[in-house]
Amino acid sequence: MTAPRVAVVDDDPLFSDYLTAMLRSRGYDAHAYATGNELLEALSTSRAPQVVLLDVLMPAMNGLEVLRAIRAAHPQVQVIMLSGQQVPATIVNAVRGGAFDYVVKPDDPDLGEAAIENAIISALDRIALETEVARLSASEVEASDGSQPSWGSGAAMQAVLKMVERVANSDVTVLISGESGVGKEVIARELHRRSDRCHKPFVKVNCAALPADLLESELVGHERGAFTGAQGTRIGKFEFAGGGTLMLDEIGELPAGLQAKLLHVLQDGEFTKLGSNRTVQVDARVIGATNRDLTAMIRAGTFREDLYYRLQVIEIHVPPLRERQDEIPALIEFFLRRYSTRYGRPAVRMSAGLRSALLSYSWPGNVRELENVIKRFVILQDETLVRTEIERSSQALADPLPPAAVQAGRDVAAAAGGVSAPSSTPVAMPAPRDGAVLPFPSPAAAAAGDSSSLPDLARAAAISAERDAITRALDQFHWNRRKAARLLGVSYKTLLNKMKTCGITQPGGSS
């Protein structure tokens with residue numbers, strides 16, 4: 001497989017040589033250039049770099065000027081700006097000028113290497129996505145013989161894509177709903193690609209991945225000293241997405257306080273950074289995405305009704321893969337090609353039996369689950385393992401995890417509190433996994449003379465029952481915590497907290 005091509009443009013030969021050597025040691029085809037003009041000459045050759053690491057401060061032609069020249073003549077090249085200083089105005093200008101990312105060189109070399117390589121990997125992923133989208137679009141144009149295009153050819157997705165085409169060029173907010181893994185981000189990117197904002201940034205924020213106290217700073221930014229640990233000024237994602245599109249993924253997980261602030265931003269088109277009195281105008285189209293039932297959350301009082309209607313000017317529902325089974329053959333071929341190329345593996349054809357198994361499976365994890373299965377097939381080149389996994393998952397879906405263990409703990413706790421809640425289900429007391437210690441004494445310890453009170457005993461039984469239920473759900477889905485959370489009827493964050501409380505850690509991994 002051809003190594004990804006990366007150019008390092010920096011007038012500091014020591015840093016340039018160090019970075020080039022580091023990238024080559026990690027499998028990249030890296031070359032160094034001392035000036036922007038040298039790079040622009042190299043871009044006209046057949047071995048032009050795919051990703052450019054571009055220093056901001058250089059003599060003659062500075063980084064921002066080089067960036068503009070690259071975007072004008074070679075828009076397919078992804079540019080990552082590098083700087084030893086975090087200057088907000090420069091960061092904003094770089095992102096608005098078309099830079100893929102902006103990395104500040106930290107004092108710690110290890111942190112710097114990790115930040116730069118993560119940015120390169122993300123840039124290469126974007127190139128792969130844009131290449132595939134262009135190929136798929138071309139296949140639609142070329143399908144003049146009446147055959148269906150390879151992507152989105154089913155009736156369900158055709159309806160989605162027609163809606164995308166109708167609303168892409170408007171600036172109204174869009175809410176994309178659907179189960180986890182159906183491709184909500186793909187639809188959001190398609191909305192951006194087909195809009196007039198396509199040459200500006202597409203910025204994604206996962207509202208469930210960041211703690212509530214950091215999420216506001218991530219969205220609107222902060223000034224130096226705004227809170228403990230705010231060492232400098234930070235540009236928020238609304239500013240990063242200036243002129244482009246901001247996707248708020250898993251928006252149903254947004255804390256109540258931030259829901260009110262987001263509503264204010266959407267209504268007024270402006271915001272104020274943390275620690276600042278200056279108003280910043282918003283020039284980003286907002287797309288929300290969720291796998292939660294927001295109307296049910298409104299009834300439960302956990303999601304603001306006014307924010308929901310502000311987001312849901314247009315709602316696009318992406319159907320689950322089990323309702324789009326006519327697309328599965330095309331998706332299989334797509335992922336086979338993608339990962340055979342990415343991992344340098346020979347193109348292996350599936351047997352008719354395996355294809356039949358994939359077509360008959362209900363895919364609770366949707367397109368993401370299918371992608372992972374094909375990825376494992378390409379890497380392992382073993383049909384037996386894939387078929388075994390599909391059969392095991394099908395059996396688990398046919399015999400779902402009963403809630404008896406969790407309910408038994410609740411019954412014991414309720415009885416200890418003086419509430420009559422009889423249950424004939426015995427409470428399972430599994431041994432702690434990986435040496436973890438239950439946070440309360442076990443019933444066996446209490447029976448042996450421990451001084452624990454009845455309430456303590458009840459709490460221990462409840463936690464033990466929850467531990468058993470969580471462990472079984474995690475084992476059922478091979479430690480996919482998001483699937484386990486859905487099965488148990490709790491949020492992803494709640495599951496993580498419960499795992500910590502119960503001392504559950506993944507075998508060979510972290511909790």
Side-chain angles (χ1 to χ4, degrees), residues 125 128 150-151 154 178-186 291 318-403 405 430 433-434 468-490 492 495-496 499 504-511:
D125 283 344
S150 61
W151 180 77
E179 296 177 8
S180 180
V182 294
K184 295 187 290 295
E185 183 179 345
V186 173
N291 60 7
V318 185
L321 189 57
R322 61 182 173 274
E323 297 176 10
R324 300 154 45 192
Q325 290 204 331
D326 49 354
E327 291 185 45
I328 292 178
L331 288 169
I332 289 173
E333 293 301 325
F334 166 59
F335 290 131
L336 282 172
R337 286 194 303 270
R338 166 185 278 186
Y339 292 110
S340 294
T341 301
R342 179 172 298 182
Y343 299 121
R345 301 281 181 159
V348 179
R349 294 194 61 81
M350 285 185 176
S351 69
L354 179 56
R355 285 182 179 273
S356 176
L358 296 179
L359 285 169
S360 60
Y361 182 52
S362 62
W363 298 108
N366 294 295
V367 179
R368 186 180 295 125
E369 184 182 9
L370 173 61
E371 179 179 10
N372 288 337
V373 167
I374 301 303
K375 187 186 299 185
R376 284 192 288 275
F377 173 69
V378 169
I379 294 172
L380 300 175
Q381 308 269 309
D382 189 333
E383 286 200 1
T384 303
L385 291 176
V386 175
R387 295 190 70 167
T388 300
E389 179 182 348
I390 292 294
E391 289 168 3
R392 186 189 302 121
S393 297
S394 297
Q395 181 60 40
L397 290 169
D399 184 21
L401 179 71
R433 186 187 289 259
D434 293 342
D468 183 41
I470 292 169
T471 302
R472 290 174 63 191
L474 289 167
D475 286 341
Q476 177 177 328
F477 289 111
H478 314 297
W479 281 78
N480 184 315
R481 286 172 280 197
R482 292 197 182 276
K483 290 184 183 178
R486 287 201 303 274
L487 182 64
L488 293 168
V490 298
Y492 180 69
L495 177 62
L496 296 184
M499 289 174 64
I504 298 174
T505 56
Q506 182 173 357
S510 57
S511 61

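Values reported hereafter were calculated over all heavy atoms of this structure, with side chains retained and with hydrogens, waters and symmetry mates removed. In this chain, residues are counted from 1 in sequence order.
The shortest non-hydrogen separation linking Thr384 to Asp382 is N-OD1, 2.9 Å. Across every non-hydrogen atom of Glu179 and Pro320, the tightest pair is OE1-CB, 3.7 Å. Nearest heavy atom pair, residue Gln381 against residue Pro346, reads NE2-O, 3.8 Å. Across every non-hydrogen atom of Ser360 and Ala357, the tightest pair is OG-O, 3.2 Å.
Separation of atoms CD1 (Ile328) and CG (Leu321) is listed at 4.5 Å; rounding is to 0.5 Å. Atom CZ of Phe335 is separated from atom NZ of Lys375 by 9.0 Å, given to the nearest 0.5 angstrom. A distance of 11.0 Å separates CG in Leu336 from CG in Leu331, rounded to the nearest 0.5 Å. The distance from atom CG of Leu495 to atom CG of Leu474, rounded to the nearest 0.5 Å, is 6.0 Å. Leu385 CG to Ile390 CD1: the interatomic distance, rounded to the nearest 0.5 Å, is 12.0 Å. Considering OG1 of Thr471 and CH2 of Trp479, their distance stands at 6.0 Å, rounded to 0.5 Å.
The side chain to side chain contact (heavy atoms under 4.5 Å, CB included) test with Val318 singles out one residue from Val182, Asn291, Asn366, Val367, and that residue is Val182. Between Ser180 and the options Glu369, Lys483, Arg482, Arg368, a side-chain hydrogen bond (donor to acceptor under 3.5 Å, both in side chains) holds for only Arg368.
Note on ring orientation: taking the six-membered ring where Trp is involved, the planes of Tyr343 and Tyr339 are parallel (angle under 30°, cut-offs 30° and 60°).
With hydrogens and angles ignored, the 3.5 Å screen pairs a side-chain donor or acceptor of Gln325 with a backbone N or O of Leu359. In this structure a side-chain-to-backbone donor-acceptor pair under 3.5 Å is missing from Ser356 to Ala352. Using modelled atom types, no side-chain atom of Glu383 and backbone atom of Leu354 make a donor-acceptor pair closer than 3.5 Å.
Contact of the Leu358 side chain with the Ile374 side chain is registered, since non-hydrogen atoms from C-beta on lie closer than 4.5 Å. At a threshold of 4.5 Å between non-hydrogen side-chain atoms, the residues Ile379 and Arg345 count as touching.
Between Glu333 and Arg355, at least one side-chain nitrogen of the basic residue sits less than 4.0 Å from a carboxylate oxygen of the acidic one, meeting the salt-bridge criterion.
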Inset, instruction - Walk me through it: do Leu370 and Phe334 pass the test side-chain contact (heavy atoms from CB on, under 4.5 Å)? - result: CA-CA 11 Å; Leu370 173 61; Phe334 166 59; over 6 Å; no
